[in-house]
Q: 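One structure, as structure tokens, below. Some questions next.
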Amino acid sequence: MIDKTYQPSSFERRLYKQWMERGYFTPSVHSDAPPFSMVTPPPNITGQLHLGHGLDNAIQDTLIRFKRMQGYNTLWLPGTDHASIATEVKIVEALKKEGVDKRDLGREGFLERAWQWKEQYGGRIVEQLKSLGSSCDWTRLAFTMDENCSKAVRKAFVRMYKDGLIYRGDRIINWCPQCKTALSDAEVEYEERDGHFWHYGYTTPDGKTTVTFATTRPETMLGDTAVAVNPNDARYTHLVGKTVVVPFVNREIPVIADEYVDMEFGTGVVKITPAHDPNDFEVGRRHNLPVIRVMNDDGTMNENAGEFAGMDRYEARKAIVARLQEMGVLQKVEPHKHNVGSCYRCHTTVEPIVSKQWFVKMEPLAKPAIQAVKSGEIKFHPERFEKTYLNWMENIRDWCISRQLWWGHRIPVWYCDDCGAEICEETDPTVCPNCGGKHIRQDEDVLDTWFSSALWPFSTLGYCSNSDDFKTFFPTSVLSCGYDIIFFWVARMIFSSLYNTGKAPFKDVLMHGIVRDEQGRKMSKSLGNGVDPVEFIDRYGADTLRFALINGVANGSDIRFSQDKIDGTRNFMNKVWNASRFVLMNCEGKTLKDISAVKLSLADKWILTKLNDVIRQVTELLDKFELGMASQCMYDFVWSEFCDWYIELTKPALYGSDDKARIDTLSVLAYVLDKILKLLHPFAPFITEEIYQGMPVHSETVMTERYPEYDGKYFFADDCKLVEELKELIAKIRNIRSEYGVAPSKRIRAYVLAFDNRITECDGYIAKLCGLEETVYAPAPKGEKTVKAVCSAAACEVPLGDLVDKDKEIERINKELENVTGEIARANGKLGNRGFLAKAPANLVEAEKAKLAKYEDLRKQLQARLDELS
RNA sequence: GGAGGCAUAGCUCAGUCGGUUAGAGCGCUCGCUUCACAUGCGAGAGGUCGUAGGUUCGAAUCCUACUGUCUCUACCA
């Protein structure tokens, strides 16, 4: 027997430990069953569990449990990401507290510390994930820097290098002066900020002509190597080819003509700083301009900055503006809003800087990746994200993959100091294969974290060794993650997998949104509005968390996580618990029958039919990845059908004197509950297992039980319809009681005139659910003061003596009549429409006719009642 | 600049292939400690589905425009 109150903390840990110990999460590679596999988006080892992980895991675990119960050989592979920048920053900070600079330790020493850190804290997030109930196969836990993954990184890099898809070159990249590394375009976040437009000009050496322009970053002027105008701009044609002088550095630079300059914008003159602006860099290339860097890696001005050398970039900006003003060169300052890029890790403003970095040539990789989605080989759910993906892929630029960090996969390229050769092989060279020289040294940089994440679906499965896992589980079935990492991760996995394995890494991409707070704001540390899932689970249980995140949410849409939602979900779990307790309490000590041996009551037939309906719906929805709707179906079935009606309808039999009927009813109750637990298990694994273990008949675990399937033996359309009519009748009587304020405890009499004779067989149900002491299946005797209501299967009258208020009655009937008349008009309108009759499907026309007939009957009844009253 | 989402009850949101008397939860009103559950039960009120056109026998649903709103993306100095 289960506990009296629902206390998830009393069993969730215990059950999870049991599942793990018994190896339920681990699939077999030798199974004949069809495979179903997923890999998790690996959380950063520096990460703390947040609701995003909660959502991500809830979705994937629901899917994997569903598939497992359907008999698939399921693998859900977990792992963690080394998170190059994030981890290095964290360790550098820790060292700083000890007064140590990472350079003091040297590369080796630093890495030793980093691995230590990883061993100590890297598993924390894994333990937190377990509290969500995730049925990942922890025996296969992967890490982006473990052997499998590192081998795959090396293999992929070398192959791409040899194919000419990886190159090294001087390009403008985004530089983070705080992390002191290059970043990819995807790693820069743009934000609109208030800035200034400083207007000033450069003058020709003879001091006669000044060309004026505006800039938002005056400090870059120290690196200016030209001033550009549009070739068609008549205002400046005479100046093209002349030179002007950059103050402070006294550099004579040419005035050039380039299409890039927009004549309409500002003065139509642009100062060109090839070393610090992507567009200027391109202009510089076209005109063979010198590239002069004026900044150091830490954002201070370098020796090329003359008198400003050593200053921080913003300090230098101020100083330059002040000096320009002093010199009387500054013409005006305008406020200006512009987008400023910042580092996605530390939020420092990034600096576009020319730098020698490694890049992946994207165009050849993007083509097949675009094709895979366009052809439908890979499908996004919801579909609209395909546009987002394609839009990005079609406009993609080369990917900067080198990072000036130590923690990560070191770039497997060696340089020979003797002959200058560049060596890139799968095994580490000891001498230069070109000249045999021993003076070789490895590139200092590491790879972008996302380079290894991009290989995740196959690297983790042992792609390099063509392992059994790889053969069995690759390509994976579904990839689920938030839409915020489509570019970082999903897109890169697709092209990496197509390139390396020749196959798409997965067939379906299931996107979810972001978890927001009650007011729709992103949860963040600085706002302090985050919910700690660990704490939450202690309080409400993992099932409530998971269900609250999934229930009724459409794929890809953001979620507002509110206390209301939590309460509602917790209440639902409590409902499941108590309904189960009702069944189990009544079953105690009884020997139940298989339902094939049960004489089914009307209520039994109804609930079994409804059960079949819900099985079909939930399965269909899960097959379409509509988890939110599937859980909603379960919610409605359990609460509104099973609890509100079926359990109530079983009470006459349970509390009656017929022992045989009682056993029969209990057998059906237990049968339906068993199915409910199984249907609900993927959504709420803990509560369902705990209750399941208390069932009169149960196996070792519900999680490997077969997911319920539609059973045509228990589908009774006619009986089901009758019960729906019965519910309507019961609602009418209850309504009268309520409207007339009859105390719920008061037993009253009702007259029921059944249009459908089978209603008379429902005596026990009506009496119990309406609190009647007697039901008379005949019209009320003449002269008795009653309140009357009509529904499809019957008319009912409740004698209320002097309570009956004639005017109120007339009003009530009139209101109903109005409603029914409206419906008749609507149905008539449809049926009177030739187009409808000719073109609408026959079943709809029939249904409309049936409705019309029903409403006309009702109208007659209501009219008769009205006549009676007046 | 480009792309996309959203706009449905007081609030938060479902609504799949166009056909339901437009749904849920919360909130609200009334009544109830009825032997699974007051984390509950019963009864109710509340919506011309953003606006204007169009397609269709039929539109919350499809198309066009507009208005409002949010997000992504680009980065005109």
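Per chain, numbering begins at 1; letters A, B, ... match sequence-line order. Both backbone and side-chain heavy atoms feed into the values below; hydrogens, waters and symmetry mates do not.
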Q: Rounding to an integer number of Å, can you tell me how far A:K849 NZ sits from B:C57 P?
A: 19 Å
Q: Just compare B:C37, B:A43, B:A77 and give me whichever is closest to any side-chain atom of A:E739.
A: B:A43
Q: Taking only residues two or more places apart in sequence or in another chain, which ones pass side-chain contact (heavy atoms from CB on, under 4.5 Å) with A:S9?
A: none
Q: Which letters describe nucleotides 28-34 of chain B, given B = protein heavy atom under 4.0 Å from base, S = only from sugar-phosphate, - = neither?
A: -------
Q: Once salt bridge (charged side-chain N to carboxylate O under 4.0 Å, His left out) is applied, do any residues pair with A:R734, and if so which ones, sequence neighbours excluded?
A: none
Q: How many angstroms lie between CG in A:L803 and CD1 in A:I736, if you round to the nearest 0.5 Å?
A: 12.5 Å
Q: Check nucleotides 69-74 of chain B against the protein and report each pair of N or O atoms closer than 3.5 Å, with its distance, or say if there are none.
A:
unit_1: B:A74; atom_1: N6; unit_2: A:N339; atom_2: ND2; d: 3.2

Q: Name all residues meeting the side-chain contact (heavy atoms from CB on, under 4.5 Å) criterion together with A:V553; count only those two or more places apart in sequence or in a different chain, and write none if there are none.
A: A:S557, A:I559, A:K565
Q: Which residues pass the salt bridge (charged side-chain N to carboxylate O under 4.0 Å, His left out) test with A:E823, sequence neighbours left out?
A: A:R826
Q: Side chain of A:D564 only, heavy atoms from C-beta on: which candidate in B:A77, B:A36, B:C26 is closest?
A: B:C26
Q: For a quick test of reading the model: is some side-chain N or O of A:Y655 closer than 4.0 Å to OP1 or OP2 of B:A36?
A: yes
Q: Using atom types as modelled, flag every donor-acceptor pair under 3.5 Å from a side chain in residues 260-275 of chain A to any protein atom, sequence neighbours excluded.
A:
unit_1: A:D262; atom_1: OD1; unit_2: A:E264; atom_2: N; d: 2.9
unit_1: A:T267; atom_1: OG1; unit_2: A:T212; atom_2: O; d: 2.5
unit_1: A:T267; atom_1: OG1; unit_2: A:V269; atom_2: N; d: 3.4
unit_1: A:K271; atom_1: NZ; unit_2: A:T220; atom_2: OG1; d: 2.7
unit_1: A:K271; atom_1: NZ; unit_2: A:D224; atom_2: OD1; d: 3.0
unit_1: A:K271; atom_1: NZ; unit_2: A:D224; atom_2: OD2; d: 3.4
unit_1: A:K271; atom_1: NZ; unit_2: A:T273; atom_2: OG1; d: 3.1
unit_1: A:T273; atom_1: OG1; unit_2: A:D224; atom_2: OD1; d: 2.5

Q: Would you please name every residue forming a ring pair (Phe, Tyr, Trp, His ring centres under 6.0 Å) with A:F213, sequence neighbours left out?
A: A:Y200, A:Y202
Q: Under 4.0 Å between any heavy atoms, over every strand shown, what does A:Y389 touch: base, sugar-phosphate, or nothing? Just pick one.
A: nothing
Q: Using Watson-Crick pairs (N1 to N3, plus N6-O4 or O6-N4) and G-U wobble pairs, both distances under 3.5 Å, which stems of at least 3 pairs involve RNA chain B?
A: B:1-7 with B:67-73, B:10-13 with B:23-26, B:28-32 with B:40-44, B:50-54 with B:62-66
Q: Can you name the residues that form a side chain to side chain donor-acceptor pair (under 3.5 Å) with A:N586, not counting sequence neighbours?
A: none
Q: Quick one: is B:A45 close enough that its OP1 or OP2 comes under 4.0 Å of any side-chain N or O from A:K815?
A: yes
Q: Identify each atom pair where a protein N or O and an N or O of nucleotides 38-40 of chain B are less than 3.5 Å apart, giving names and distance.
A:
unit_1: B:U39; atom_1: O4'; unit_2: A:N571; atom_2: OD1; d: 3.0
unit_1: B:U39; atom_1: O2'; unit_2: A:N574; atom_2: ND2; d: 2.9
unit_1: B:U39; atom_1: O2; unit_2: A:R570; atom_2: NE; d: 3.4
unit_1: B:U39; atom_1: O2; unit_2: A:N574; atom_2: ND2; d: 3.3
unit_1: B:G40; atom_1: OP1; unit_2: A:N571; atom_2: ND2; d: 2.9
unit_1: B:G40; atom_1: O3'; unit_2: A:K575; atom_2: NZ; d: 3.1

Q: One character per nucleotide, please: for nucleotides 6-19 of chain B, 5' to 3', B when the base has a protein heavy atom closer than 4.0 Å, S when only the sugar-phosphate does, - otherwise.
A: ------SSSSB--B
Q: Supply the atom-to-atom distance A:H512 NE2 to A:L55 CG, rounded to the nearest 0.5 angstrom.
A: 4.5 Å
